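Since we're looking at a predicted model, the values are computed, not measured. Throughout, residue positions are numbered sequentially from 1 according to the sequence presented.
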Amino acid sequence: GDVYKRQGVVCTLDIADLPPGLGDPTDIARAGLRELMDRQLIVGYQQPVELPDLTKAPDEAAVEYMNRVIAQLLAEGKIDIRTDLTIRFTGDKRVLHDLRILAENGYGEDDFGNNIMLPKELSYLKR
């Protein structure tokens, strides 16, 4: 199944690539998360990542269940999906300079999504 972040496909994980004999949905989700972490596509903020207490619906496919588990872990801040993006801005050099400073400072957030203080060069920005 596909793993999404903000409506874009980050990666495709084929359940057939997981170890054989995984019948329990929790085992499938755990193995899928391990595979995504091994590929360095997901970062876990606790080791081992504890799965949320979500029950698989009777008609829910293993991939759908795993996507729901990933969505819950993202919402709880226990994991994050890595994305490597390159962005090019054009325009006024002063604005570009400030964008560079903002990017270098995590756009005002730390690795866990908490607000951080911006450098004094950007003190004119308001919340």
Side-chain angles (χ1 to χ4, degrees):
D2 296 330
V3 176
Y4 292 90
K5 183 169 185 174
R6 296 186 185 169
Q7 306 305 315
V9 175
V10 174
C11 75
T12 299
L13 178 64
D14 189 344
I15 295 295
D17 292 340
L18 300 179
L22 297 173
D24 181 78
T26 304
D27 290 340
I28 293 170
R30 187 172 285 114
L33 280 173
R34 177 81 281 154
E35 176 67 21
L36 293 171
M37 285 183 194
D38 289 348
R39 292 189 197 177
Q40 298 185 347
L41 296 170
I42 287 182
V43 60
Y45 295 118
Q46 62 181 20
Q47 295 299 327
V49 174
E50 293 190 26
L51 299 182
D53 188 22
L54 295 175
T55 304
K56 181 183 169 293
D59 60 339
E60 187 176 37
V63 170
E64 293 168 333
Y65 173 74
M66 192 169 133
N67 279 338
R68 206 160 46 92
V69 166
I70 289 171
Q72 182 67 36
L73 290 170
L74 281 166
E76 293 175 1
K78 293 182 178 177
I79 64 169
D80 203 357
I81 297 174
R82 294 180 188 257
T83 55
D84 293 323
L85 300 174
T86 301
I87 301 171
R88 169 174 251 141
F89 294 99
T90 58
D92 185 297
K93 289 185 181 197
R94 295 168 295 179
V95 174
L96 296 174
H97 178 261
D98 288 354
L99 282 171
R100 177 181 298 262
I101 294 171
L102 192 59
E104 289 170 349
N105 287 275
Y107 299 98
E109 293 183 350
D110 64 16
D111 290 340
F112 301 102
N114 300 312
N115 292 336
I116 60 170
M117 294 292 296
L118 293 175
K120 63 181 179 179
E121 300 98 326
L122 300 177
S123 64
Y124 68 92
L125 295 175
K126 304 288 182 214
R127 285 185 111 193

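One distance of note links CD of Glu109 with CD1 of Ile116; it measures 8.5 Å at 0.5 Å rounding. Taken to the nearest 0.5 Å, the CD atom of Gln72 stands 13.5 Å off from the CG atom of Asn67. Interatomic distance, CE of Met66 versus NZ of Lys56, reported as 14.0 Å (0.5 Å rounding). Rounding to the nearest 0.5 Å places CD1 of Ile42 at 9.0 Å from CG of Asp80.
Contact record, Glu76 with Pro52: OE2-CB, 4.2 Å, taken as the closest heavy-atom pair.
The side-chain heavy atoms of Leu73 and Leu51, taken from C-beta on, include a pair separated by under 4.5 Å. Put simply, the side chain of Leu118 does not reach to within 4.5 Å of the side chain of Ser123, judged on heavy atoms.
The environment of Asp53 atom CG is sparse: at most 12 non-hydrogen atoms of other residues, nucleotides or ligands sit within 6.0 angstrom. Taking a 6.0 Å sphere around CD of Gln46, one finds it holds more than 12 heavy atoms contributed by other residues, nucleotides or ligands. A 6.0 Å sphere centred on CD of Glu50 holds no more than 12 heavy atoms belonging to other residues, nucleotides or ligands.
Using a 4.5 Å cut-off between side-chain heavy atoms of Ile, Leu, Val, Met, Phe, Trp and Tyr, with links allowed through other members, Leu122 and Tyr107 fall into the same hydrophobic cluster. Follow the hydrophobic side-chain contacts under 4.5 Å out from Tyr124 and you reach Leu102 in the same cluster.
Residues Asp38 and Arg34 are paired through a salt bridge, judged by an N-O separation under 4.0 Å between the basic side chain and the carboxylate.
A donor-acceptor pair is defined here as one N or O able to donate and one able to accept, closer than 3.5 Å; such a pair exists between the side chain of Tyr65 and the backbone of Leu54.
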Worked verdict on Ile79 versus Leu36 for side-chain contact (heavy atoms from CB on, under 4.5 Å): CA-CA 11 Å; Ile79 64 169; Leu36 293 171; over 6 Å; no
side-chain contact (heavy atoms from CB on, under 4.5 Å) between Leu74 and Ile70, intermediate numbers included: CA-CA 6 Å; Leu74 281 166; Ile70 289 171; 4.0 Å; yes
Arg68 vs Glu64, salt bridge (Lys or Arg N to Asp or Glu O under 4.0 Å): CA-CA, chis, key distance, verdict: CA-CA 6 Å; Arg68 206 160 46 92; Glu64 293 168 333; over 6 Å; no
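In terms of the side-chain hydrogen bond (donor to acceptor under 3.5 Å, both in side chains) criterion, Asn105 has no residue partners (sequence neighbours excluded).
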